[in-house]
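Read the structure below first, then the notes.
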Amino acid sequence: ALLRYTRSSGEYSLWPLDVTAIAAGRSPLAGEPLINGALMRGDGARLRHADLTYADHGTLLASVAHAGYLALFRRSSADPMAPFERQWEAHTTLRNWQYVYLGAEVLGMLHSTSGAYRMLNCSSLHTEMPLLDEQHVGGLPCMLLVEGTIPDSPPCNYSKERCLLAPNCGWCHSAGRCVAASEDGVCYDQCVNHQLLYGSTAPSGLSQNMVPCSMQLSCDRCTEQQGCGWCEDVSAAHSHGRCLQAKT
């Protein structure tokens, strides 16, 4: 079945879905909705402006991200005409989180601004055990499996030459490896004795020896490197250029 939810009113309709009709060129949503209804809060008001995540076995997670409101709704899988009934709700400390069901009773969470993530075992949502409203104000009644932060950029696992070309990476001469760094020469890893090289900010002698002019792929990086010059091919249909060793 396919659920349609209207955020402004809190109303929903559940439609029978016939995927075999697609191959026959017919609409998979022919007919009437199985049920029409509205998602209701514990205070008797309709649940408006919520984000919905279906979590299998007739369980629906509703969240209002900016308010930290969470609610669980459930309908009987044995009765196709059964409406969604609220099982639990809480005003939690979890604000600005997004939810996605990953399957196998695992729920994913992603914070929209910090990039933090969590993965939860939510098998408890599919039991018949009653849940009390406002319990678990720190989050869902699920078990944490893993948490962390999504990196801003790929890891700096490069050779010396590739490292000096990669954004947000620098070569740690003392450790002999590529590490996360900034253009200001700030190393986000352990690199002793200030032996961090970062592209054009590296000492000119080392930069020339380690990064040939031909490996610089942009005009800015090319001209910043001593002994290199950018040659623009203006005769080409799409203007492009290359970095060459400058002649004195």
Side-chain angles (χ1 to χ4, degrees), residues 1-7 10 12-23 28-29 33-35 37-42 47 49-155 157:
L2 187 67
L3 178 71
R4 178 180 179 178
Y5 168 71
T6 305
R7 293 168 58 91
Y12 71 88
S13 56
L14 192 66
W15 295 77
L17 183 65
D18 181 11
V19 294
T20 60
I22 300 176
L29 295 174
L34 295 172
I35 53 174
L39 299 179
M40 306 299 294
R41 301 167 58 112
L47 177 57
H49 307 293
D51 295 313
L52 305 183
T53 303
Y54 185 68
D56 271 350
H57 307 293
T59 301
L60 191 67
L61 169 65
S63 65
V64 181
H66 71 275
Y69 173 87
L70 292 174
L72 291 172
F73 296 85
R74 188 178 297 152
R75 65 186 295 266
S76 172
S77 57
D79 183 4
M81 305 299 291
F84 282 101
E85 297 182 352
R86 184 180 53 82
Q87 302 294 312
W88 169 84
E89 72 174 9
H91 294 81
T92 75
T93 57
L94 299 175
R95 287 173 171 78
N96 300 316
W97 286 84
Q98 300 169 350
Y99 300 85
V100 59
Y101 184 67
L102 303 176
E105 300 182 332
V106 175
L107 184 73
M109 300 173 56
L110 176 65
H111 197 269
S112 57
T113 55
S114 69
Y117 71 87
R118 298 175 185 175
M119 295 184 184
L120 311 175
N121 180 340
C122 289
S123 57
S124 61
L125 303 185
H126 303 140
T127 67
E128 297 301 323
M129 182 183 302
L131 299 171
L132 299 179
D133 287 348
E134 299 303 336
Q135 276 190 332
H136 310 285
V137 294
L140 289 163
C142 302
M143 182 178 67
L144 179 66
L145 297 175
V146 64
E147 63 181 337
T149 303
I150 298 177
D152 294 328
S153 59
N157 298 327

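Basis for what follows: all heavy atoms, side chains included, without hydrogens, waters or symmetry-related copies.
Using a 4.5 Å heavy-atom cutoff, the side chains of Leu52 and Tyr12 are not in contact. At a threshold of 4.5 Å between non-hydrogen side-chain atoms, the residues Leu47 and Val64 count as touching. A 4.5 Å side-chain heavy-atom check between Leu61 and Leu72 finds at least one atom pair inside the cut-off.
With Ser123 contributing its side chain and Glu105 its backbone, the two residues share no donor-acceptor pair below 3.5 Å. Remark: the backbone N or O of Tyr101 is not paired with any side-chain donor or acceptor of Thr53 at under 3.5 angstrom. In this structure, Thr92 contributes its side chain and Gly68 its backbone to a donor-acceptor pair below 3.5 Å. Within the 3.5 Å criterion, the main-chain N or O of Ala50 finds a donor-acceptor partner in the side chain of Arg7. Here the side chain of Arg75 pairs a donor or acceptor atom with the backbone of Ala82 at under 3.5 angstrom.
For Asp56, there are no salt bridge (Lys or Arg N to Asp or Glu O under 4.0 Å) partners two or more places apart in sequence or in a different chain. Applying the side chain to side chain donor-acceptor pair (under 3.5 Å) rule to Thr149 yields no partners; only residues at least two apart in sequence or on another chain are considered. For the side chain to side chain donor-acceptor pair (under 3.5 Å) test, no residue two or more places apart in sequence or in another chain qualifies with Arg4. Scored by the side chain to side chain contact (heavy atoms under 4.5 Å, CB included) test, Val106 finds Leu102, Met119, Leu145 as partners (sequence neighbours excluded). Here Arg41 pairs with Asp43 under the salt bridge (Lys or Arg N to Asp or Glu O under 4.0 Å) rule; sequence neighbours left out.
Taking all atoms of both residues into account, the shortest heavy-atom contact from Cys122 to Leu107 is SG-CB, 3.7 Å. The minimum heavy-atom distance linking Cys142 with Leu120 is given by the pair CB-CB, 3.8 Å. When all heavy atoms of Ala67 and Arg95 are compared, the pair lying nearest together is O-NH2, 3.5 Å. Trp97 and Ala116 get closest at one heavy-atom pair: CZ3-O, 3.7 Å.
Legend: ring-ring contact (aromatic ring centres under 6.0 Å, His included) pairs involving residues 59-83, not counting sequence neighbours, sorted by first then second residue: Tyr69-His91.
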Evaluate the side-chain contact (heavy atoms from CB on, under 4.5 Å) criterion for residues Leu94 and Arg118: first the C-alpha distance (whole Å), next the side-chain angles of each, then the deciding distance (0.1 Å), finally the verdict. CA-CA 12 Å; Leu94 299 175; Arg118 298 175 185 175; 3.7 Å; yes
